[in-house]
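These numbers come from the heavy atoms of this one structure, side chains and all, not from hydrogens, waters or symmetry mates. Fair warning: this is a prediction, and the values are worked out from it, not measured in the lab.
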Amino acid sequence: MKKNFPYFIVKNSPWPIIASFNLINLLVRIIIWINNKSVLIISLMLINLCVTKIVWNRDIVRESTFIGNHTLIVTNIFKFRIIIFILSELFFFISFFWTFFHRSISPSVEINMTWPPKIIKVFNYSEIPLLNTFTLVTSGFFVTLSHHYLIKNSIKLRIQILIYTILIGLYFSVVQLVEYKDSYFCFNDRIYGSIFFLSTGFHGIHVFVGTMMLIVSVLRIQSIHFSIIHNINYELSVWYWHFVDVIWLFLYIFYYVII
């Protein structure tokens, strides 16, 4: 007798709820740290969160690669979840853009009704910001090319080009730190400094997360975890990296070119 193949064969995992409690504890500890400057507890919370994330990813790799529990429906659910996550991150940056344009269109009396404020010396959009823009656009091209070679089953080329993408991402982060170091204003310099460093800083965090995702993809490619039809982890990492690219283009146009 023919048995019906189950659509969902992924077991329930305890790691999501554990990670949620770790995040809540981390946020509470950050508030406590603001008052008494105790770094030890925050460090322990970060280590605990990282260990939870590593073990969670280990279980996902085991289910998908070695056990084969990730059916087509499960992979589609993963794609739907990353789309929802990217949309939530998009609206996160839209809130920054909204604040920036609201203040630029109607500057307050406290900043002499001028935008940017007179005490702010803004960056030249044709120097480091343009270099960073070219860097991220190039990385987006390389990561797409690497995924193309993955589909074409060319292991050597896809690893090499993906490593180029990772190096470009690290280069972008270093150049961004140099820009911060050479900045003529800081986070406390009126609303312009606050919104500028918040937006570009959070984008830098997203670049770092995307770089880590691509590094994991390189390790999994070397371990032959991906195939032509089974590469959902790498595909979602590429989606996230393109999201980082697009957000930077908006940051460059809004914060550097048309301020």
[atom1]/[X] to [atom2]/[Y] distance, rounded to the nearest 0.5 angstrom?
| X | Y | atom1 | atom2 | value |
| --- | --- | --- | --- | --- |
| Phe134 | Ile168 | CZ | CD1 | 8.5 Å |
| Ile221 | Ile163 | CD1 | CD1 | 9.0 Å |
| Asp245 | Thr138 | CG | OG1 | 9.5 Å |
| Glu235 | Leu150 | CD | CG | 9.5 Å |
| Phe172 | Phe208 | CZ | CZ | 14.5 Å |
| Ser183 | Ile128 | OG | CD1 | 10.0 Å |

same_hphob_cluster([X], [Y]) at 4.5 Å side-chain heavy-atom cutoff:
| X | Y | answer |
| --- | --- | --- |
| Ile54 | Met212 | no |
| Val137 | Ile161 | no |
| Val143 | Val209 | yes |
| Ile247 | Ile258 | yes |
| Leu167 | Leu157 | no |

- Apply side chain to side chain contact (heavy atoms under 4.5 Å, CB included) to Tyr256 and Leu130, showing your working. CA-CA 9 Å; Tyr256 295 98; Leu130 183 60; over 6 Å; no

- Thr99 side chain to Ser95 main-chain N or O, any donor-acceptor pair under 3.5 Å? yes

Give a yes or no on whether [X] atom [atom1] has more than 12 heavy-atom contacts from other residues, nucleotides or ligands under 6.0 Å away.
| X | atom1 | answer |
| --- | --- | --- |
| Arg81 | CZ | no |
| Phe92 | CZ | yes |
| Leu219 | CG | yes |

If every non-hydrogen atom of [X] is compared with every non-hydrogen atom of [Y], which pair is closest and at what distance?
| X | Y | answer |
| --- | --- | --- |
| Phe96 | Ser199 | CB-OG, 3.3 Å |
| Thr133 | Leu249 | CG2-CD2, 3.7 Å |
| Ala19 | Leu49 | O-CD1, 4.0 Å |
| Val207 | Val244 | CG2-CG1, 3.4 Å |
| His206 | Phe243 | CD2-CE2, 4.1 Å |
| Ser217 | Leu162 | CB-CD2, 4.1 Å |

For residues [X] and [Y], determine if any side-chain heavy atom of one lies less than 4.5 Å from a side-chain heavy atom of the other.
| X | Y | result |
| --- | --- | --- |
| Met213 | Leu236 | no |
| Asn48 | Leu26 | no |
| Arg62 | Asp59 | yes |
| Ile195 | Tyr255 | yes |
| Ile83 | Trp239 | yes |

- Trp241/Thr211 under side chain to side chain contact (heavy atoms under 4.5 Å, CB included): CA gap, chis, key distance, verdict: CA-CA 8 Å; Trp241 193 258; Thr211 304; 3.6 Å; yes

Distance-only side-chain donor-acceptor flag, [X] / [Y], under 3.5 Å:
| X | Y | result |
| --- | --- | --- |
| Ser146 | Tyr234 | yes |
| Tyr171 | Thr135 | no |
| Thr200 | Tyr180 | yes |

- Task: Take the angle between the ring planes of Phe100 and Tyr192 and call it parallel below 30°, perpendicular above 60°, tilted in between.
- Result: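 Taking Tyr192 first and then Phe100, their aromatic rings sit tilted (interplane angle of 30° to 60°).
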
- Message: Applying ring pair (Phe, Tyr, Trp, His ring centres under 6.0 Å), can you list everything that pairs with Phe123, at least two apart in sequence or on another chain?
- Response: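 By the ring pair (Phe, Tyr, Trp, His ring centres under 6.0 Å) rule, Phe123 matches Phe185, Phe196.
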
- Pair Ser139-Phe142, side chain to side chain contact (heavy atoms under 4.5 Å, CB included): steps then yes or no: CA-CA 5 Å; Ser139 70; Phe142 277 139; 5.6 Å; no

- Given His203, which of Tyr252, Trp248, Phe250 fulfils the ring pair (Phe, Tyr, Trp, His ring centres under 6.0 Å) condition? Trp248

- Query: Are Phe254 and Phe101 close enough that their ring centres sit under 6.0 Å apart?
  - Reply: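 That pair passes the under 6.0 Å test.
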
- Message: The test is side chain to side chain contact (heavy atoms under 4.5 Å, CB included); show your working for Phe97 and Leu251 and say whether it passes.
- Response: CA-CA 8 Å; Phe97 297 150; Leu251 285 171; 3.5 Å; yes

